[in-house]
Amino acid sequence: MKPFFLLRSKRTPHPSVLSSVSSLSSDSNSNSSLILQTKHLLRKSQDHLHVLSLIDSGSLQPRLDLYSDLIKQCTNLKKLREGMAVHQHFLSSRFNPDLFFLNSVVNMYCKCASLEDARKVFDEMPERDVVTWTALMTGYAQNEQPLDALRLFPMMLGLGVPPNQFTFATLFKAAGAANGYEIGEQVHAVCVKFGCDLDVYVGSSLLDMYARQERMLEACLVFDMLESKNEVSWNALIAGYARKVDGENAMMKFREMQRSGFKATHFTYSSLFSACAGTGALEQGKWVHAHMVKSGQKLIAFIGNTLLDMYAKAGSIQDARKVFDRLDKRDVVSWNSMLKACAHHGLGKETISLFEEMRSFGIQPNHITFVCVLTACSHAGLLAEGQHYLKMMKMYKLEPEIEHYVTVVDLLGRAGLLEQAQKFIDEMPIEPNAAVWGALLGACRMHKNVELGKFAAERVFQLDPHDSGPPVLLSNIYASTGRWTEAARVRKMMKESGVKKEPACSWVEMENSVHMFVANDDSHPQIREILKFWEETNVKIKEVGYVPDKNHVLLFVDEEEREARLQYHCEKIALAFALLNMPPGATIRIMKNIRVCGDCHSAIKLVSKVMEREIIVRDKNRFHHFSKGSCSCDDYW
DNA sequence: CTAGGGTTAG
């Protein structure tokens, strides 16, 4: 801590404070009225340091409550420098601090994110009450030290200080942030014992903790038991479903919230948009957007950013751009989201010019900005640009992180420069992780390089033995080069080690519901009709030159069977379903949880031509806009 | 004097 006199204000004192003090200071009896006036004027001038100098000069006799006011204001304004000065000044005064005052000081340091100072005051306090403990816990919880917050609880109980609802609200927040669910559950039990579990603050925090663990059943139970509910508890519940990408339940709770007479807040809307973004539910999202406009809710950045992302993830880059243009204030997240949207739609040049525009506005890019820009370069094959922007990070004092290196390996690898990519990995200043080798492995799969692929796959196995991605890729490399025995060996290894492949699935939104298709699953009520329709379509595209590319069937089966298997890829089934049910001319949007396969890609291109349809496919990595027989990715993805 | 809910990458 710096001594107080080094922190003295250099600013000119607020004139009203000066004049009021000088007019009154001659009258020694009116010190208390002087203090009152000082307090009042302090609220306007906020010149804490000047008040201290008045005390030093003898113009003002301090009182404990004046110090309290000064500390409180520094807390609200989060002015650490001034708060420290007041604290130091107080220590050199003749006053003995009481518990209340020291609690305020602890709280001041916590709110100013200076936890070490808070802890020091806390440790030196002769006595502590529930407020002291809770203030420090909250400090830790709000400053990304949730474990430190949790550790205080047993100490507090051990010393016989009974917790209150404030304490529990903070503890559950800390437990949720620290993934400390076992601890959270134990605290829940203690909370019930102290009769605090029905409080709305405690409840919101508690249900949020369960929701973060995807335990929505428990979250709902806590919610239902609450004595009274408010916007926050509703929002916590809706946000829980949104995080799980459970749009259906999120929407259901939203409607219930309305019926119960609560108005949606910007928290509510941003959760709902991110829920819709997860499934790419454009129609639902549009409905919520309309609801928001009608409610009079302004398009502030926090909502705008999720709304933009929602349109982008539903494949409508034009709507995303419209939201971006209408935002009154764009923060770095707005720019990043728009950059990412362009990048995922394969608009490399546009991403770069948007980024240059961002720089010309003087907006400070962050790490995520560069991930977006580099991703754009990678998807569009902009080699030189990618390397240029990686170097540019230094200009902004940003150290490239592993994610940036992954993207550059991807960039080089996609372009077929496999040796250069390997050299790049060897020369990286940080230790390559599984994702880096995974990117190289992916490139080997793309360019059918068995030897380097094997090498990369071994690295990934070592670093991340539980990921199903690498073995699948490796077996695909073998399979696509006709080395079936080796492919089968990898598959067998996977089976034995218990690594499970994520099942492929595709889905289509129609009339406010989502229809999902999983490979080899015939549970959809329309399935027979869909398959028949696809067979007919298949004949049509074969007439214009479709040749099934059996490289993409990776099972060890005979030729005929492999062609048959190809026809049941879930994106094809989803496409057939959409063609069958959607009005002519309507754009078809298909989502897939993993990358679209090469054979489906060529099939869909031809479908867009033969059926005269605009088809948008969102896969794990990017968007494909199919139209008139070609795709926006130019077959580079 | 102490409390709870929301966004961007891979």
Side-chain angles (χ1 to χ4, degrees), chain A residues 68 71-72 75 98-108 110-111 128-139 141-142 149 163-174 176 196 199-209 211-212 226 230-240 242-243 264-275 277 300-310 312-313 331-341 343-344 366-376 378 401-407 410 433-436 438-439 620-621:
Chain A
S68 272
I71 288 286
K72 220 181 339 184
T75 311
D98 61 8
L99 179 60
F100 276 30
F101 182 78
L102 289 176
N103 282 347
S104 320
V105 175
V106 170
N107 188 37
M108 184 273 294
C110 286
K111 289 292 170 327
R128 307 178 194 100
D129 67 358
V130 58
V131 178
T132 329
W133 286 94
T134 306
L136 189 61
M137 276 181 197
T138 308
Q142 291 177 346
N164 63 14
Q165 65 273 37
F166 288 75
T167 323
F168 288 112
T170 281
L171 282 169
F172 293 130
K173 182 195 167 82
C196 291
D199 177 80
V200 65
Y201 277 81
V202 176
S204 307
S205 167
L206 179 57
L207 83 86
D208 182 62
M209 184 195 78
R212 278 174 197 280
L226 290 182
N230 62 14
E231 282 85 0
V232 179
S233 33
W234 280 104
N235 287 344
L237 196 61
I238 291 171
R243 265 191 299 267
T265 70
H266 57 289
F267 285 86
T268 326
Y269 288 117
S270 88
S271 289
L272 290 173
F273 290 138
S274 71
I300 56 171
F302 228 116
I303 308 177
N305 296 344
T306 50
L307 182 60
L308 187 167
D309 188 52
M310 188 274 288
K313 282 186 178 152
D331 57 19
V332 64
V333 178
S334 323
W335 285 94
N336 289 353
S337 307
M338 196 63 229
L339 287 168
K340 191 203 65 163
H344 280 183
N366 61 16
H367 282 102
I368 296 175
T369 317
F370 280 97
V371 173
C372 299
V373 173
L374 292 170
T375 307
S378 166
E401 291 168 357
I402 200 83
E403 289 80 5
H404 302 96
Y405 291 111
V406 173
T407 324
D410 191 56
N433 65 0
V436 172
K620 193 163 191 176
N621 282 341

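Proteins get letters first, then strands, A, B, ... in listed order; numbering begins at 1 in each. When reading the values below, keep in mind they use all heavy atoms of this one structure, side chains included, and skip hydrogens, waters and symmetry mates.
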Between B/dG4 and A/F172, is there a base-stacking contact, meaning the centre of the base's six-membered ring lies under 5.5 Å from the residue's ring centre while the planes stay under 30° apart?
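Per 5.5 Å and 30° rule: no stacking.
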
Residue [X], side-chain atoms from C-beta onward, closest of [options]:
X	options	value
A/H266	B/dG6, B/dT8, B/dA3	B/dG6
A/T306	B/dG6, B/dT7, B/dT2	B/dT7
A/N164	B/dT2, B/dT7, B/dG6	B/dT2
A/S337	B/dT7, B/dA9, B/dT8	B/dT8
A/V232	B/dG4, B/dC1, B/dT2	B/dG4
A/N336	B/dC1, B/dT2, B/dT8	B/dT8
A/V333	B/dT8, B/dG6, B/dA9	B/dT8

Under 3.5 Å, is there any donor-acceptor pair linking the side chain of A/D199 to the base of B/dG4?
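By the distance-only test, no, there is no pair.
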
Donor-acceptor pair under 3.5 Å, A/S204 side chain vs B/dG4 base:
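Indeed there is one.
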
Looking only at heavy atoms, which two atoms of [X] and [Y] are closest? And how far apart?
X	Y	answer
A/V200	A/S233	CG2-OG, 3.9 Å
A/L308	A/S334	CD1-O, 4.1 Å
A/E231	A/T265	CG-CG2, 3.9 Å

Just call it for [X]: base, sugar-phosphate, or nothing, with non-hydrogen atoms closer than 4.0 Å on any strand.
X	value
A/S205	sugar-phosphate
A/V406	nothing
A/E401	nothing
A/H344	sugar-phosphate
A/D331	nothing
A/T265	base
A/A435	nothing
A/V106	nothing
A/K111	sugar-phosphate
A/N366	nothing

In sequence, state the C-alpha distance, the side-chain angles, and the governing distance for A/S378 and A/T407, and then conclude on side-chain hydrogen bond (donor to acceptor under 3.5 Å, both in side chains).
CA-CA 7 Å; A/S378 166; A/T407 324; over 6 Å; no

Starting at [atom1] of [X] and ending at [atom2] of [N], how long is that distance when rounded to a whole Å?
X	N	atom1	atom2	result
A/D309	B/dT7	CG	C1'	8 Å
A/N305	B/dT7	CG	P	11 Å
A/L374	B/dA9	CG	P	15 Å
A/W234	B/dG6	CH2	C1'	17 Å
A/L102	B/dT2	CG	P	14 Å
A/F101	B/dT2	CZ	P	14 Å
A/I238	B/dG4	CD1	C1'	15 Å
A/L171	B/dG4	CG	P	11 Å

Using 30° and 60° as the class limits, which term best fits the ring planes of A/H367 and A/H404: parallel, tilted or perpendicular?
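It falls in the tilted class, 30° to 60°.
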
Short side-chain N/O contact to [N] OP1/OP2 from [X], under 4.0 Å:
X	N	answer
A/N103	B/dT2	no
A/Q165	B/dT2	no
A/K173	B/dA3	no
A/K340	B/dT8	no
A/R243	B/dT7	no

Can you name the residues that form a side-chain hydrogen bond (donor to acceptor under 3.5 Å, both in side chains) with A/N164, not counting sequence neighbours?
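side-chain hydrogen bond (donor to acceptor under 3.5 Å, both in side chains) check on A/N164 returns A/T167.
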
If you measure from NZ on A/K313 to OG on A/S337, what distance do you get to the nearest 0.5 Å?
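The NZ atom of A/K313 sits 8.5 Å away from the OG atom of A/S337.
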
